[in-house]
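Source: prediction; values computed, not measured. Each chain gets a letter, A, B and so on, in the order the sequences are listed, and its residues count up from 1.
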Amino acid sequence: MEDQLNTLFATFDSEEVTFFADLILPIPVPRLFTYRVPRGMADLVKIGARVIVPFGKNNSRVMTAIVARLHNSPPTAYQARYISEVLDEYPLVTGYQLELFRWMAEYYMCCVGEVMNVALPSGLKISSQSKVQYNPDFDYPELLTEFEEVLLTELKKHPALSYEELGRLAGEGSNVPALIKSLVGKKAVIVFEEVREKYIPKMIRKVRLHTNYEEREQLLVLLNRLEKLPKQQEVVMRYLRHVPVQMNPSLNQKGLDKTILNQDDEISQSSLTTLVKNGVFETFEIIQPRFSDTLSPQVEIKLTDYQRSASENIMKQFEQQNIVLLHGITGSGKTEVYIDLIQQALASGTQVLYLLPEIALTAQIVVRLQRVFGDKMGIYHSKFSDNERVEVWKGVVSGQYQFVVGVRSSVFLPFDNLGLIIVDEEHETSYKQHDPAPRYHARDVAMMLAHWQQAKVLLGSATPSLETYYQAKLGRYGLVELFQRFGDATLPNILLVNTQQEKRQKLMKHEFSSVLYTALEMNMERKEQSILFQNRRGYSPYMQCEDCDWTAECNNCAVSLTYHQRDAELRCHYCGHKDPVPRTCPACGSTKVRTIGFGTEKLEDQLQIFFPGSRVLRMDLDTTRAKNAYQQIIQEFESGQVDILVGTQMITKGLDFDNVSLVGIFDADRLIHFPDFRATERAFQMLTQVSGRAGRRAGRQGTVLIQTANPQQPILQKIITNDYKGLFEEEIQERQDFNYPPFSRLIKLTVRHTDKITSSKAAQRLADELTDALGSSRVLGPEEPLVERIRNQFLFDILVKIERDKVNVKAVKSYIQERINDILTDKGLRQVSIIADVDCL
DNA sequence: AGCACGCCGACT
DNA sequence: GTCGGCGTGCTC
């Protein structure tokens, strides 16, 4: 039917210019979809606007799409369908963004639809809900089953019902989708899609005095009349106290928040209702922005001479360079420098984006920035609701937000006039998206954005990534260094504690060395706070039988289960699988089932035993799952009510506490010996960043104690002397020798399948084909990753190394994609999934 | 990704 | 005999 109509329209239109639109649909299919623009919509359909289209077999689905291209060449292979609706009068997606989407899809080897999917907050994607309606022309009730009768009776009573509503009405045990399908077949009901915008503006209900009573005379008459009704009189008086209508009649138009007038008593509520009924008050609704529009005081920030000269230096380098690295030690006051630069960029009329890793975007930094920038600043954070994100998006389009602080995904906001992008904590690996495609690196995307919009990029870090520092050393990026701590604060004194030796001398108290133990004790006596870092959550990572060596393992993944004491269960940190804690060994029945190793939970436990009066907080994934748990822990710790904070890497990022003078680090060796070519760099960054939490404010010099079995390791020596340059020189040599980044680009290909043989076959074939084309020095693997099975899928990794300058990366990527597609069409290997991760970390 | 179509086991 | 399992193929 639909197609017949389409054909009819097609012949009508053929004389005139007919428009076709190539649309980006939010699905992982590597092409655009061509739709026909109805004649009446020709002026409305613009590039970058969102449209609604029917999709799938018998138009069973409704989707939000973005117009990427307009043209008038009809597709030859199929009959294009019509766009059903245009959502935006003005494009919500800028030309820059479309360019960005295309670039990302190509660079990160994914589909534009996948980019669109992560780029748009889901509030901008339409939700469609199937509704069912009784067909008035239906006249064969005798054909129905009992269940169908029930549904149909309900449907006759209502104009239309959703599947969910029908499910509720039909009661338990009825298969609503199946029943509806059969009813549709019998032409008893009609199913249609109800489309609605997901974004809902926040409305608040207000009241105002009817204009009849704005004049003094009338008002007095009213009050006199209410003399015998004191409750109502009181409500009117209360309104007048908040809104001095006599002094300024225009205030009455804005009215008063209904909740203020109601206060809390029911009497005033009913009085108000009566007053509204009698036409004294009128109620109305207005849209309330979710971000309070109270303009915060604009605070002047003062730079120290040192910061001032850093800022000037950066500006000077921007004359020659598009990208500048600000290498400033922890606590050197980089934020003030950023603020200065942001103000300058805003003053010149350009937009500014300030990127922070998720965990560093805390209330601490937001409040600080808000004091300076007030409501000109937008905040884009994954913890925000969807409606809030849509408001920020629209605020950028409208120009309300010239400046946005945000996480990784804020590179997708519709900027069109960026002057400056700051990537703070530039080395942070959380800038790289791991799981759903596009597997992008926000720092690198930011650089592309800046390139297109002629904006400058400032990368900031105390421990720059080797890639970035290397570019700076080559002179491709500018470099500004800040090697003095802010105010009188000095860098903490970092000491290594030999746990091997303490164990021999039997000085260890469980996981705590005597040195750390004493330091904690003294710190508490001084009423100063301590932070303990152990990058492992849970109580202990292993549970093992002493008699037979049985170890608790996950059913679905090739990993040991972690014991969580608080919830009394064993958990898999890869798939979330949970098992009860066995009291006896499942293999041999022995009762000697022990935990091995320790996580944050165990440390917390031991602290309670050692220091019974102390107040200890734990901050890791398990204690921050609730919505505001993270903020709460930080606030509680800030308030000084807590002596010790135990945490995972979460505590290493951007937190700024005044009263912390001791940092203890456990198990540094595990970080250092991680089997990965970046392990040394990572360990340096992580340990330096945690150390930086100590002694950030004037007063005493902070102390950092690193527990290690081998204090002689060169990397530890570099950490205690804060010798970033030494680390760089050594590491960069190694990277060069083995042709790792920054001397090459890496693409990791992961092959996955439930059957190990199939998975390995596909991986082997892919690796062979790539080796043939690229040479064996450029292809590593296939190799089983550290965890060879996750969620019952067997994994194999292939690493492709491409020299930066010698090889055409684009060509290599498209060749890889060809080979992947080839394997995916192979009968025996078709259900394997192959994931490409470009610039994997 | 979702959704329909299509061919083989445990149930009214 | 059917309901429903998820393999496989397609989407303008």
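- Listed by first and then second residue, the salt bridge (Lys or Arg N to Asp or Glu O under 4.0 Å) pairs involving residues 430-448 of chain A are A:E426-A:R443, A:K432-A:D837 (not counting sequence neighbours).
- Sorted by first and then second residue, the salt bridge (Lys or Arg N to Asp or Glu O under 4.0 Å) pairs with a member in residues 113-124 of chain A form an empty list; sequence neighbours excluded.
- In this structure, CG of A:L32 is placed 14 Å from C1' of C:dT11, rounded to the nearest angstrom.
- Rounding to whole angstrom units, CZ of residue A:F55 and C1' of C:dT11 are separated by 4 Å.
- Residue contacts shown for A:P75 are absent, as no nucleic acid heavy atom lies under 4.0 Å away.
- Phosphate contact (OP1/OP2 of C:dC12, side-chain N/O of A:Y35, threshold under 4.0 Å): present.
- Summarising the geometry, the separation between CG on A:L824 and P on C:dG9 is reported as 11 Å, rounded to the nearest angstrom.
- Remark: aromatic rings of A:F412 and A:Y440 are close, center separation under 6.0 Å.
- Among residue pairs with one or both ends in residues 782-792 of chain A, those qualifying as salt bridge (Lys or Arg N to Asp or Glu O under 4.0 Å) are A:K756-A:E784, A:K756-A:E788; sequence neighbours excluded.
- Residues forming a ring-ring contact (aromatic ring centres under 6.0 Å, His included) with A:H573 (at least two apart in sequence, or on another chain): A:H564.
- Rounded to an integer number of Å, the gap from A:R61 CZ to C:dC12 P is 9 Å.
- The nucleotide range of DNA chain B contacted by chain A, defined by atoms under 4.0 angstrom from heavy atoms of the protein and reported 5' to 3', is B:dA1 to B:dC3.
- Considering only side-chain N and O atoms, A:Q831 lies under 4.0 angstrom from the phosphate OP1 or OP2 of C:dT8.
- Put simply, CZ on A:R31 is 7 Å from P on C:dT11, counting in whole angstrom units.
- Here salt bridge (Lys or Arg N to Asp or Glu O under 4.0 Å) pairs that include residues 45-61 of chain A, with residues two or more places apart or in two chains, are A:R50-A:D88, A:R50-A:E197.
- Atom NE2 in A:H753 sits roughly 13 Å away from atom C1' in C:dC6 (whole-Å rounding).
- Counting to the nearest Å, the P atom of C:dC12 and the CD1 atom of A:I83 are 13 Å from each other.
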